Amino acid sequence: MFRGNPALTGVASGTLPDKLSLLWSFKTDGPVKSSAAIVGGRVFIGSGDSHVYALELGSGKKSWAATTKGPVESSPLVLDGKVFFGSTDASLYAVEAASGRQLWKYETGDKILGAPNWVKSPKGDANWVLVGSYDYKLHCVNAATGKSNWVYETGNYINGSPAVFEGKTAFGGCDAILHVISLAKGEKVKEIEAGAYIAGSAAVADNRAYFGHYENEFLCIDIDAEKRAWTFKDRDFPYFSSPAVTKDRVVFGGRDKRLHCVKRDTGESVWAFATQGKVDSSPVVVGDKVVVGSDDGRLYVVSLKDGNKLWSYEIGKPVGSSPAVVDGKIVIGSDDGSVYCFGAKK
């Protein structure tokens, strides 16, 4: 799923080879802003051409394509043999992972750009899927049936994906509030002022939420205390990228064309890596490396320790998609309409 786990922390297991080569690319008919979910040797990813594709991780060959009535920026969630994703046609879809056959479709009042997340039902007898929509609402539906469990209304668009932790979800919206909701009944636990609208997804670790906002700050919110633990501010550019959170670092991209790494406990800058374009792509940490795309048309691998560039690849068109990393391979989409896979040449 998007960011690798329900808390959206953006850390992948395993390692990456020092030398990466392009293993394959797959062309779609629209920009690929969606990020891949990789399960069982298959890559699931949406495209601006109104499809979600299942590709073989080994070869990039298409297994199937599922059709919607609008561009798919939402990153798929793969769970129990099903693939869940939102579309700009205002619907959440569930399709069979094996075949792409549609199982159900759940309609919201407006487009869905963020990735779905999931949680076990309070009784433990079902999986629930959560998704935010531009209808100002967070929707919770039964994963098997697509029937609504509850709907939670906010004051504006929900653009990102909701983070799930300890029976709760935390998400920001264009209403400039970090919403914390109990998942059992969809009831408000807390509303914490962020100060500006939140375009990306928050990551949650140890009851702290990490996210950037439109007024050029990156925040760490202490959820229990309902206040800022720290604020990072560098230059006057907003943050649309979602952070990767490790045991002692937080890494995130900015529209200031930089990838930032700060100390998790204080928000103090450790390093900044400069690209030639805005960084809306959400970085993934894998071992001692960070992988991220940039609007300068390149995919980068930098050192987590010091931010030094280890490798880059020129795709040529903006890379707003976020990397998915598995088995020493990186899969990412680009505005050029292609999905790319990098790894060690056999």
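The residues of the chain are indexed from 1 along the displayed sequence. In this text the structure is predicted, and so the values were computed from the model without any measurement.
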- Carefully, step by step, assess Phe44 and Phe85 under the rule ring-ring contact (aromatic ring centres under 6.0 Å, His included). CA-CA 10 Å; Phe44 302 93; Phe85 53 91; 9.8 Å; no
- Query: So, His260 versus Phe232, ring centres under 6.0 angstrom or not?
  - Reply: yes
- Item | Chi angles and distances behind the side-chain contact (heavy atoms from CB on, under 4.5 Å) call for Asp234, Arg258 | CA-CA 10 Å; Asp234 184 27; Arg258 293 180 182 188; 3.3 Å; yes
Mind listing the side-chain donor-acceptor pairs of residues 278-287 below 3.5 Å, one per line with the distance, residues two or more places apart or on another chain?
unit_1	atom_1	unit_2	atom_2	d
Asp280	OD1	Arg255	NE	3.1
Asp280	OD2	Arg255	NE	3.3
Asp280	OD2	Arg255	NH2	2.7
Ser281	OG	Gly293	N	3.1
Ser281	OG	Ser321	O	2.8
Ser282	OG	Ser242	N	2.9

- Is it true that atom CG of Asp125 has more than 12 heavy atoms of other residues, nucleotides or ligands lying nearer than 6.0 Å? yes
Only pairs under 3.5 Å count here: list side-chain donor-acceptor contacts from residues 5-13, not counting sequence neighbours, and write none if there are none.
unit_1	atom_1	unit_2	atom_2	d
Asn5	OD1	Ala7	N	3.0
Asn5	OD1	Leu8	N	2.9
Asn5	OD1	Thr9	N	3.3
Asn5	OD1	Thr9	OG1	3.4
Asn5	ND2	Thr9	OG1	2.7

- Message: Minimum heavy-atom separation for Tyr152 and His179, please, with both atom names.
- Response: CE2-ND1, 4.1 Å
- How many angstroms lie between atom CZ of Arg298 and atom CD1 of Ile315, to the nearest 0.5 angstrom? 11.0 Å
- Task: Applying side-chain contact (heavy atoms from CB on, under 4.5 Å), name anything that partners Thr88, two or more places apart in sequence or on another chain.
- Result: Pro71, Lys111, Leu113
- Task: Classify the ring geometry between Tyr197 and Tyr214 as parallel (under 30°), tilted (30 to 60°) or perpendicular (over 60°).
- Result: parallel
- Query: So, does Thr68 use its side chain to make a donor-acceptor pair with the main chain of Gly70 at under 3.5 Å?
  - Reply: yes
- Do you know which two heavy atoms are closest between Trp230 and Val262, and how far apart they sit? CH2-CG2, 3.8 Å
- Task: State whether the number of non-hydrogen atoms from other residues, nucleotides or ligands found under 6.0 Å of Lys257 atom NZ is greater than 12.
- Result: no
- Is it true that Glu96 and Arg101 make a salt bridge, defined as a side-chain N closer than 4.0 Å to a carboxylate O? yes
- Are Val325 and Ile332 linked, directly or through other ILVMFWY residues, by side chains that come within less than 4.5 angstrom of each other? yes
- Query: Does one hydrophobic cluster hold both Val32 and Val43, with members joined at side-chain heavy-atom distances below 4.5 Å?
  - Reply: yes
- Query: Closest approach of Val95 and Ala66, non-hydrogen atoms and distance?
  - Reply: CG1-CB, 4.2 Å
- Item | Candidate pair Lys329 and Asp327, rule salt bridge (Lys or Arg N to Asp or Glu O under 4.0 Å), full reasoning | CA-CA 5 Å; Lys329 295 186 175 81; Asp327 296 341; 5.8 Å; no
- Between Leu259, Leu310, Thr275, which is the residue that forms a side-chain contact (heavy atoms from CB on, under 4.5 Å) with Val302? Leu259
- Measure the spacing between CG of Asp265 and CZ of Arg249 and express it to the nearest 0.5 Å. 10.5 Å
- Main-chain N/O of Asp256 paired with Arg235 side-chain donor or acceptor, under 3.5 Å: yes
- Task: Keeping the roles fixed (side chain from Trp104, backbone from Ala143), state whether a donor-acceptor pair exists under 3.5 Å.
- Result: yes
- Starting at CG of Leu304, measure out to CG of Asp248 and round the result to the nearest 0.5 Å. 7.5 Å
- Note on the structure: CG of Asn117 to OG of Ser201, rounded to nearest 0.5 Å, is 9.0 Å
- Note on the structure: Here the pair of heavy atoms bringing Gly146 nearest to Tyr106 is O-CD1, 3.4 Å
- Message: Around atom NZ of Lys317, are there more than 12 heavy atoms from other residues, nucleotides or ligands closer than 6.0 Å?
- Response: no
- Can you name the nearest heavy-atom pair linking Phe273 to Lys309, along with the distance? CE1-CB, 3.7 Å
- Ring centre gap for Phe218 and Phe211 strictly below 6.0 Å: no
- Message: Check whether Ser91 reaches the backbone of Tyr93 with its side chain - one donor and one acceptor, N or O, closer than 3.5 Å.
- Response: no
Which pairs of donor and acceptor atoms, one on a side chain in residues 24-31, lie under 3.5 Å apart (sequence neighbours left out)?
unit_1	atom_1	unit_2	atom_2	d
Trp24	NE1	Leu57	O	2.8
Lys27	NZ	Asp336	O	2.6
Thr28	OG1	Gly30	N	3.3
Thr28	OG1	Gly30	O	2.9
Thr28	OG1	Ser47	OG	2.8
Thr28	OG1	Gly337	O	2.8

- Quick one: OG on Ser182 to CD on Glu166, what's the gap to the nearest 0.5 Å? 13.0 Å
- Query: Under the 3.5 angstrom rule, does the side chain of His213 hit a backbone N or O of Glu215 as a donor-acceptor pair?
  - Reply: yes
- Does Arg42 use its side chain to pair, donor to acceptor, with the backbone of Ala97 at less than 3.5 Å? yes
- Note on the structure: Applying salt bridge (charged side-chain N to carboxylate O under 4.0 Å, His left out) to Lys263 and not counting sequence neighbours gives Glu268
- Message: Between Asp206 and Arg264, does any side-chain N to carboxylate O distance fall below 4.0 Å?
- Response: yes
- Message: Taking NZ in Lys233 as the centre, count heavy atoms belonging to other residues, nucleotides or ligands within less than 6.0 Å. Is the count above 12?
- Response: yes
- Message: Grouping I, L, V, M, F, W and Y whenever their side-chain heavy atoms are under 4.5 Å apart, do Tyr340 and Ile45 come out in a common cluster?
- Response: no
Donor-acceptor pairs under 3.5 Å, side chain of residues 222-229 to any protein atom, not counting sequence neighbours: which ones?
unit_1	atom_1	unit_2	atom_2	d
Asp222	OD1	Asp224	N	3.1
Asp222	OD1	Ala225	N	2.9
Asp224	OD1	Asn207	ND2	3.3
Asp224	OD2	Asn207	ND2	3.2
Arg228	NH1	Glu217	OE1	3.0
Arg228	NH1	Thr231	OG1	3.1
Arg228	NH2	Ala194	O	3.0
Arg228	NH2	Glu217	OE1	3.3

- Task: Could you tell me the separation between the OG atom of Ser294 and the CG atom of Leu299, rounded to the nearest 0.5 Å?
- Result: 10.0 Å
- Item | Ala90 backbone acceptor or donor facing Thr108 side chain under 3.5 Å | yes
- Here the pair of heavy atoms bringing Ile158 nearest to Phe171 is CD1-CE1, 3.6 Å
- Item | Verdict with supporting geometry, Lys82 and Leu103, side-chain contact (heavy atoms from CB on, under 4.5 Å) | CA-CA 9 Å; Lys82 300 180 187 71; Leu103 299 168; 3.7 Å; yes
- Task: Please confirm whether Phe342 and Trp311 have ring centers closer than 6.0 angstrom.
- Result: yes
- Query: Taking atom types as modelled, is there a side-chain donor on Tyr134 or Asn159 under 3.5 Å from an acceptor on the other?
  - Reply: yes
- Message: For a side-chain contact (heavy atoms from CB on, under 4.5 Å) check, start with the C-alpha distance between Lys69 and Lys105, then their side-chain angles and the critical distance, and finish with the verdict.
- Response: CA-CA 12 Å; Lys69 292 192 170 68; Lys105 175 173 138 177; 4.3 Å; yes
